[in-house]
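Quantities reported herein were computed from a predicted structural model and do not represent experimental measurements.
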Amino acid sequence: MSSLLFYLQYPFVRYALIVGVLIALCSSLLGVTLVLKRFSFIGDGLSHVAFGAMAVATVCNIVNDTWIVMPITIAAAVLLLGMGQNAKIRGDAAIGMLSVGALAIGYMLMNIFSTSANISGDVCTTLFGSTSILTLTKEEVILCIIMSIVVVAFYILFYNRIFAVTFDEDFVRATGKNAKMYHMLIAVVTAVIIVLAMNLVGSLLVSALIIFPAVSAMQRVHSFRGVVIYAAILSVIGAFLGMLISILCSTPVGSTIVVMDIALFALNCVGAKKPKTLATMICMCLLLSGCVEDGMELVKEGSTESKESISESVLEEGNTESISESVLEEEKEVDYDLTLMGSDMVYATVYQLMVDPQTYEGKTFKIEGQYFPTFYEPTQKYYHYCLITDALACCSQGLEFVWEDGTHSYPEEYPQQGADILITGTFETYQESGDTSLYCRLQESKMEVVKSENVK
């Protein structure tokens, strides 16, 4: 709980939890209909179309790509769910062709018309949703909340029509209703959900949010309304727990959420056949978590006692100067200790420093990463960075630092490039002479080489 409360002080973590729960809720609602109509794989196809549209927006240097990705994905959804019912190529063949084609075209465009120095990192983040959910802006969160409200309102208002279209389209037509129009509406809402969900789990894992909660609910509940409600509950629980585990254990967000959905599916399958076995498994999990927690407490107590004994022994020897330089220096508090975070959280925090530096100016940071120097021709100066990668090691952020007063000579006194370093310094923004751009760095930093083997 202490670690969780520590992470919740960051606004982007709260944003991620809110958006993740809303996306999971919306995905589960339409997921029941899509699974029953044998269109469960459409999430994968539309997400690949969205990836292709996102690649086009990236090539065109469009910052807010939602206005391009959303219409293209909606058009593809209408083509598959609406007009595709009576087409010559339909069903899984149409989805497969559109999915593979859009994915290939998008990746080719990003390579031919590259606008980024890290193409593999951009592709990896988009496909697997490594840190996208942790780098949302306040405007993107508001947009997601609005779109989620629209989706939920649509489902509630048109619940009876969706139910009828799901099970018997002929009955809908017989009652004078336009079944094709409701197909179009379902297609549009599905496309909206897919675009929103890509930030949570990435393009390749979107289908899991649609399929797993619906199929899990069908193992235990046998009425349409009950399946929808239970699927929504399972989806929200899976997303919420998955994101918490990801934040606390530094695992990829999207993959962790999918693993949680798989675990919930397994529990529901076991519980549907053997309720006693399910109860036993839950009790064992609770006991195991309690044992792990007790073990962690013992480790903490042991480390504390060890530290206290070292301090006492040094005092007995009368070496108070060693205490001030070692023990007291290690206990010095910093405002943001990023060494206590997982790699994704560190990456997301550094990203926030870049996009909203005024909020953190004057704060003290402690950060661990790889040393990287670079020479900038216009200023004829060397700049020194601490590089941080995300959990998938496909994306990296660099934070500039100035070692103490900046008088250390390079390269004689600096470590080798690629060495693991520990930096503690005060965050500030600055401008170079004659340059209006705003830069960020840690000033008056203390640097310690943690590990020097395997350097580049």
Side-chain angles (χ1 to χ4, degrees), residues 17-47 50 70 73-74 76-78 80-82 133 141 143-169 172 179 181-201 205-243 254 257-258 260-261 264-265 268:
L17 290 173
I18 293 171
V19 171
V21 167
L22 290 176
I23 291 174
L25 174 62
C26 295
S27 302
S28 63
L29 295 179
L30 269 297
V32 176
T33 296
L34 294 175
V35 169
L36 290 173
K37 289 182 69 64
R38 302 295 190 270
F39 269 107
S40 55
F41 197 61
I42 194 171
D44 193 64
L46 292 180
S47 65
M70 191 74 77
T73 309
I74 289 174
V78 170
L80 291 174
L81 282 178
I133 193 68
V141 175
L143 175 63
C144 181
I145 292 173
I146 294 173
M147 298 304 294
S148 299
I149 292 173
V150 171
V151 170
V152 174
F154 162 79
Y155 197 87
I156 294 174
L157 291 174
F158 294 95
Y159 171 79
N160 292 330
R161 301 288 186 271
I162 294 173
F163 173 80
V165 170
T166 301
F167 288 99
D168 197 341
E169 292 185 32
V172 175
M181 182 189 70
Y182 291 113
H183 268 296
M184 296 292 184
L185 289 175
I186 293 174
V188 171
V189 175
T190 302
V192 171
I193 293 172
I194 294 301
V195 175
L196 294 177
M198 283 180 63
N199 282 328
L200 182 61
V201 296
L205 304 176
V206 166
S207 295
L209 291 182
I210 295 175
I211 298 173
F212 275 107
V215 176
S216 300
M218 292 175 187
Q219 306 302 312
R220 303 295 302 273
V221 185
H222 303 290
S223 67
F224 184 77
R225 187 188 300 272
V227 168
V228 171
I229 295 174
Y230 191 41
I233 294 173
L234 291 176
S235 185
V236 169
I237 292 174
F240 187 75
L241 293 180
M243 293 187 68
I257 293 175
V258 175
M260 284 303 303
D261 286 337
L264 291 173
F265 171 72
N268 279 278

How far apart are the C-alpha atoms of F158 and I186, what are their side-chain angles, what is the distance that settles it, and do they pass the side chain to side chain contact (heavy atoms under 4.5 Å, CB included) test?
-> CA-CA 10 Å; F158 294 95; I186 293 174; over 6 Å; no

Please step through side chain to side chain contact (heavy atoms under 4.5 Å, CB included) for the pair L185 and I162, ending with a clear verdict.
-> CA-CA 10 Å; L185 289 175; I162 294 173; over 6 Å; no

Would L264 and F212 count as a side chain to side chain contact (heavy atoms under 4.5 Å, CB included) if you check the C-alpha gap in whole Å, the side-chain angles of each, and the deciding distance to 0.1 Å?
-> CA-CA 8 Å; L264 291 173; F212 275 107; over 6 Å; no

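Contact check for N268 versus Y230: side-chain heavy atoms found under the 4.5 Å cut-off. Side-chain contact between V258 and L209: absent, with no pair of heavy atoms (C-beta onward) separated by less than 4.5 Å. No side-chain heavy atom of M260 sits less than 4.5 Å from a side-chain heavy atom of F240. Counting only heavy atoms from C-beta outward, the side chains of T33 and F163 never approach each other to under 4.5 Å.
Taking each heavy atom of M243 and L17 in turn, the nearest pair found is CE-N, 3.8 Å. The two atoms that bring S235 and L25 nearest to each other are OG-N, 4.3 Å, heavy atoms only. Nearest heavy-atom pair across I210 and V35 is O-CG2, 4.2 Å. Summarising the geometry of S28 relative to A231, their closest heavy-atom pair is CB-O, 3.6 Å, with the distance given to 0.1 Å. In plain terms, the two heavy atoms of V152 and C26 that are nearest each other are CG2-SG, 4.3 Å. Heavy atoms only, all atoms of each residue included: L36 and M218 are closest at CD2-CE, 3.6 Å.
Taking CD1 from I257 and CD1 from I23, the interatomic distance works out to 8.5 Å, rounded to the nearest 0.5 Å. Atom CD1 of I18 is separated from atom OG of S148 by 11.0 Å, given to the nearest 0.5 angstrom. Taken to the nearest 0.5 Å, the CD1 atom of I194 stands 11.0 Å off from the CE atom of M70. In this structure, the separation between CD1 on I193 and OG1 on T73 is 12.5 Å, given to the nearest 0.5 Å.
If you run side chain to side chain contact (heavy atoms under 4.5 Å, CB included) between S216 and each of I211, V227, L234, V221, only L234 comes through.
Between Y159 and F224, the angle of the ring planes lies from 30° to 60°, which puts this pair in the tilted group.
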